[in-house]
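Read through the structure below, which is laid out as structure tokens, and then see the notes.
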2 protein chains.
Amino acid sequence: MKKKISIHDIAKALDLSATTISFVLNGKAEEKKISEDVRKRVSDYIKEVGYQPNMIAKSLRTGKTHIIGMLVEDISDPFFSCISRGIETIAYNHKYKIFFASTENDTEKTKALIKVFRERQVDGYIMAPPAGVEEEIRALMDDDIPVILFDRYLPSLNTSTVIIDNFSGSYQAVKHLSENGFSGIAFLTLNSEQTQMHARLQGYLKAIEESGCQPVVQKLPSKLSHELSAEMVQEFIKQHDKIDAIIFATNYLAISGLQAIRDMGLAIPDDIAVIGFDDNTHFNLFTPSITAVAQPIEEIAQEVVRQLLNALSNERESRIRRMVMLPVKLIVRNSTYPKVKKKIVHSEPSTMKIN
Amino acid sequence: MKKKISIHDIAKALDLSATTISFVLNGKAEEKKISEDVRKRVSDYIKEVGYQPNMIAKSLRTGKTHIIGMLVEDISDPFFSCISRGIETIAYNHKYKIFFASTENDTEKTKALIKVFRERQVDGYIMAPPAGVEEEIRALMDDDIPVILFDRYLPSLNTSTVIIDNFSGSYQAVKHLSENGFSGIAFLTLNSEQTQMHARLQGYLKAIEESGCQPVVQKLPSKLSHELSAEMVQEFIKQHDKIDAIIFATNYLAISGLQAIRDMGLAIPDDIAVIGFDDNTHFNLFTPSITAVAQPIEEIAQEVVRQLLNALSNERESRIRRMVMLPVKLIVRNSTYPKVKKKIVHSEPSTMKIN
DNA sequence: GTCTATCACTAAATCGATTAACTAAAAATA
DNA sequence: TATTTTTAGTTAATCGATTTAGTGATAGAC
């Protein structure tokens, strides 16, 4: 077991000072007028012994870790894992590493994670925050540590943020369904006040209002297992026999919902049409395939990293915080709807109220 | 912007030495006979000013980072993201953080990542390694750094390893199909020499041999997009009109394959039966739902962390390296097979020995 | 009354880098 | 030639913790 070699070992071996080695290592040879000869001796020796600088020591001295802390709801959720992958790749290309952690949308857990990340001196944060961590985030900003939010934001905080046009997503979904003859369009969402969920609901309500139909909204508790949510969706469908379409506000809910629909032996879209939010669950492979509101994963990742790198490279005063809203796209998969023929037939939409 | 406070600031404020603060902080107050009074003053003050120790400094001094480096093929793959989530949770409970990175199965990228992790002095490694990094892993082991492999292993290396019974997985899959009357059972795999792929192929071949059918094996290049693999699967199916069932050796392939089958307008299982490997892609929601070989994700995560923590807490000499093989489970989803009637009479159950 | 043990701490070295300030020798300038 | 400037480095402080070795004061033993 060879022991780790340090910059001083190199200095000793080459009969130079650690300073000189450091200069060569950090590309300051030119600037610091280190001779060609010494430069070469140092780089050759470093290659020969396979020297690896100790980033811990470097970080302690410089105050920079080149680590980004990333807090997502659940790293095993397809949406978050895809975003993470994109961010990981881009960040690594810029010599930044990422610490991932799952918040489970739990305020206390998130606070604890922020504390851990602070202790580790991460250079910046990327978060899909739960409510209730405003204080901690403000503290980060006060200490001049860049924070980028995504997926959702905290209204009381002026942070850089990357979100998608959730309102438009569910608005388009409703429009699509009503244009295809559906009139009992329900919206299944989570009992959550997060901004993205709120916008999705508002988009639904706006479009429903415009279509003249009655809104049917069901909020499920978050953190339910798929089994439990599926049961509740079944219950919901049974109690609302007028609905002929459901929009699921998250992919997790869509999975549970599809399970419920399958368990009930209902046909999609003949018995009930379905639209999912977020298209990372291979909705194209279901039979029939499922229409979904697709989020631009790659663009979100790019924009998040761009903003973070920008914040990291600028002094606090010159930092511009901005909210970027990226467009969504409705991926229509089920074009042959059974009701298309009897479209517009609902001459008396008032009777259609389902509540 | 309040500046960070250090252990020396505390010492100064309380008119004590940094040593004393450190002792109290690290629970050595008892052992080092620090008075009740001082202990309380220190802890009160720490709480009051919200002191957060600098782990970078701590790591530099102690040589321990309490960080685990984890290298997976692709963090956005459902299998790896679920494993990662499990490992993350358990590790955090033991005060370890995880660095995740995706190797893309690329040898050079993996070497670079190992180098980065070494520079950051991670305490241990969890890897699903590509071939060709034996040297680097051996170097880690030589330097007494724990390494746990999972999903696959490197035959030339005596490492701690957690794998699943891949052989049995595809063996069971073939048996299931042949018992249900299928005789043209193809095996679609990757052109990879990794141990898990090899074992899956061997299990398939053994079972096919026992069933008296002809093996049909197709190896696709890895790193293809879903679109490209789907095309190749289509091509494959068209060229082999005798096959009535396909076993996909990875979930990524299964997704591509299902796309191909859908594009060709084939019915599952009437035209072609399908079994997937790994059950994290919600195969239960496809119509008809897809039978799959399920890996025990939770158990894998637990076993990996258990082995790593064990290695981290023991001196090198007392470390036992061992390979743990966890069982898989065939999740039968499509019980109503069209061909069940013409089931072949397997009169010799003695052939059931699996090795 | 001296000697030793225990108590309740502290001083200073250390981990491995970076960096501001300095210096001896060589080269350029006056 | 004397002086200044440049070259090619070096010394030592520093980042914020841990930890070994010690210290002065008091208590107890004989």
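So that the names make sense, note that chain A is the first sequence line, chain B the second, and so on, each numbered from 1.
- Contact annotation for B/Ser35: backbone-only contact, meaning every heavy-atom pair under 4.0 Å involves sugar-phosphate atoms and none involves a base.
- Screening B/Thr161, B/Val162, B/Thr159 against B/Met323 for a side-chain contact (heavy atoms from CB on, under 4.5 Å) leaves a single residue, B/Thr161.
- Between A/Ile21 atom CD1 and C/dT18 atom C1' the separation is 14 Å, expressed in whole Å.
- Dashed line: the shortest gap from a side-chain N or O of A/Lys33 to OP1 or OP2 of D/dT7 is under 4.0 Å.
- Between A/Glu36 and A/Lys40 there is no salt bridge, since none of the side-chain N atoms of the basic residue sits less than 4.0 Å from a carboxylate O of the acidic one.
- Residues B/Lys32 and B/Met55 both approach DNA chain D. Their nearest nucleotides, taken by heavy-atom distance, put B/Met55 toward the 5′ side.
- Under 4.0 Å is where a charged nitrogen must lie from a carboxylate oxygen, and between A/Glu73 and A/Arg152 at least one such pair does.
- Checked by atom type, the side-chain pair A/Ser17/A/Thr20 shows a donor-acceptor distance below 3.5 Å.
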Completion exercise
Whether each nucleotide of nucleotides 10-16 of chain C has a protein heavy atom under 4.0 Å at its base (B), only at its sugar-phosphate (S) or at neither (-) is summarised, 5' to 3', as BBBBBBB
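- Checking A/Thr89 against A/Arg85 by side-chain atom types alone, a donor-acceptor pair falls below 3.5 Å.
- For the residue pair B/Glu88/A/Ser102, the side-chain donor-acceptor check at 3.5 Å is satisfied.
- As a whole-Å value, the separation of A/Glu30 CD from D/dG9 C1' is 16 Å.
- Following rounding to the nearest Å, A/Leu14 (CG) and D/dT10 (C1') show an atom-to-atom distance of 15 Å.
- One interatomic measurement links the two molecules: CD1 of A/Ile5 to C1' of C/dA17, which rounds to 14 Å at whole-angstrom precision.
- Contact record, A/Phe99 with A/Ile67: CD1-CG2, 3.5 Å, taken as the closest heavy-atom pair.
- We find that NZ of A/Lys64 is positioned 16 Å from C1' of C/dT19, with the value rounded to whole Å.
- Atom pair B/Ile46:CD1 and D/dA17:P shows a separation of 10 Å (rounding to whole Å applied).
- Taking atom CD of A/Glu31 as the reference point, atom C1' of C/dA20 lies 13 Å away to the nearest angstrom.
- Looking at heavy-atom distances under 4.0 Å, B/Lys28 makes contact with sugar-phosphate atoms alone, never a base.
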